[in-house]
Amino acid sequence: MARLSIATPADVRVLKKGLSVGEALAGFTAAHPDAGGVASFVGKVRPGEDVKALELTHYEPLTLAGMQDLAAQALERFSLDGLLAWHRVGMMRPGEAIVLVAAAARHRRGAFEAVDFAMDHLKGAAWFWKRERRGSGEEGGWHWIEPRDADHADRARWDNS
């Protein structure tokens with residue numbers, strides 16, 4: 001029994017605190033009992049390159065509206081029963097979840113494609129500004145993270161399909 005209330009057909013959130021992936025997915029699955037498949041993706045702060053922290057900032061009115069529009073596009077494009085898109089902002093440490101996207105559909109292919117579509121758009125969108133703190137002491141510092149060319153290419157592939 002899920003304890004978390006999930007909005008249907010789309011549950012879009014910008015979170016300032018951590019998220020419980022298991023609880024969110026349990027709530028989402030319970031909210032869509034007629035779905036034949038639920039696919040999900042969890043993006044985490046990557047360790048490595050001496051990353052100590054990741055900070056995400058955003059402009060809330062633009063971010064939330066953009067994510068809601070993205071969810072509406074995914075619901076229509078992939079004939080989904082539901083879509084969940086939650087994105088963290090603030091300070092995070094390596095291993096912490098940044099983003100959770102889940103799609104519920106009658107058939108698995110629609111759910112998989114919807115999650116891929118949503119992540120490609122979230123990764124390349126200008127709604128979030130990211131910077132990493134690397135190293136320590138005088139050698140350490142903050143570094144802005146820009147979307148890579150591959151992120152833009154991933155997003156662009158949906159324009160032609």
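Just so you know, residue 1 is the first one in the sequence shown, and it goes up from there. The basis for the numbers below is simple: all heavy atoms, side chains too, and nothing from hydrogens, waters or symmetry mates.
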Residues Arg88, Leu19; criterion side chain to side chain contact (heavy atoms under 4.5 Å, CB included); working and verdict: CA-CA 8 Å; Arg88 290 268 321 269; Leu19 62 94; 4.0 Å; yes

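Judged as a side-chain contact (heavy atoms from CB on, under 4.5 Å), and not counting sequence neighbours, Ser79 has no contacts. Under the side-chain contact (heavy atoms from CB on, under 4.5 Å) criterion, Asp116 pairs with Asp120, Arg157, Trp158, sequence neighbours left out. For the salt bridge (charged side-chain N to carboxylate O under 4.0 Å, His left out) test, no residue two or more places apart in sequence or in another chain qualifies with Arg46. Scored by the salt bridge (charged side-chain N to carboxylate O under 4.0 Å, His left out) test, Arg131 finds Glu55 as partners (sequence neighbours excluded). Legend: residues meeting side-chain contact (heavy atoms from CB on, under 4.5 Å) with Ala74, ordered by chain and number and at least two apart, are Phe78, Leu80, Leu83, Phe117. Applying the salt bridge (charged side-chain N to carboxylate O under 4.0 Å, His left out) criterion to Glu132, with sequence neighbours excluded, gives Arg134. Listed by chain and number, the residues in a side-chain contact (heavy atoms from CB on, under 4.5 Å) with Lys130 are Leu54, Leu56, Lys123, Ile145 (sequence neighbours excluded). In this view, Lys52 and Asp50 satisfy the salt bridge (charged side-chain N to carboxylate O under 4.0 Å, His left out) rule, not counting sequence neighbours.
Inter-residue side-chain proximity for Thr57 and Phe128 is flagged as unmet; no heavy-atom pair is nearer than 4.5 Å. A 4.5 Å side-chain heavy-atom check between Val101 and Leu122 finds at least one atom pair inside the cut-off.
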Check residues 6-17 and write down every donor-acceptor pair under 3.5 Å in which the side-chain atom is one partner and the other belongs to a residue at least two apart or another chain.
residue	atom	partner	partner atom	Å
Asp11	OD1	Arg13	NE	2.7
Asp11	OD1	Trp86	NE1	2.8
Asp11	OD2	Ala7	N	2.8
Asp11	OD2	Arg13	NH2	3.0
Arg13	NH2	Ser5	O	2.8

Give every donor-acceptor pair under 3.5 Å between a side-chain atom in residues 59-71 and any protein atom, sequence neighbours left out.
residue	atom	partner	partner atom	Å
Thr63	OG1	His58	ND1	3.0
Thr63	OG1	Tyr59	O	2.9
Thr63	OG1	Trp127	O	3.4
Asp69	OD2	Gln73	NE2	2.9

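Of all heavy-atom pairs between Ala24 and Leu100, the closest is CB-CD2, 3.5 Å. Annotation for Gly37 and Ala111: closest pair O-CB, 4.1 Å, computed over non-hydrogen atoms. Closest of all the heavy-atom pairs between Ala102 and Leu25 is CB-CD2, 3.8 Å.
We find the CE-CD distance between Met91 and Glu96 to be 10.5 Å, quoted to the nearest 0.5 Å. The CD1 atom of Ile98 sits 10.0 Å away from the NZ atom of Lys44 when rounded to the nearest 0.5 Å.
Sequence neighbours left out, not one pair with a member in residues 26-38 passes salt bridge (charged side-chain N to carboxylate O under 4.0 Å, His left out). For residues 98-109, the set of pairs meeting the salt bridge (charged side-chain N to carboxylate O under 4.0 Å, His left out) definition, not counting sequence neighbours, comprises Asp81-Arg106.
Put simply, Met92 and Met119 are part of the same group of oily side chains (I, L, V, M, F, W, Y) that touch within less than 4.5 Å, one to the next. Taken together through direct or relayed side-chain contacts under 4.5 Å among Ile, Leu, Val, Met, Phe, Trp and Tyr, Phe112 and Phe41 form parts of separate hydrophobic clusters.
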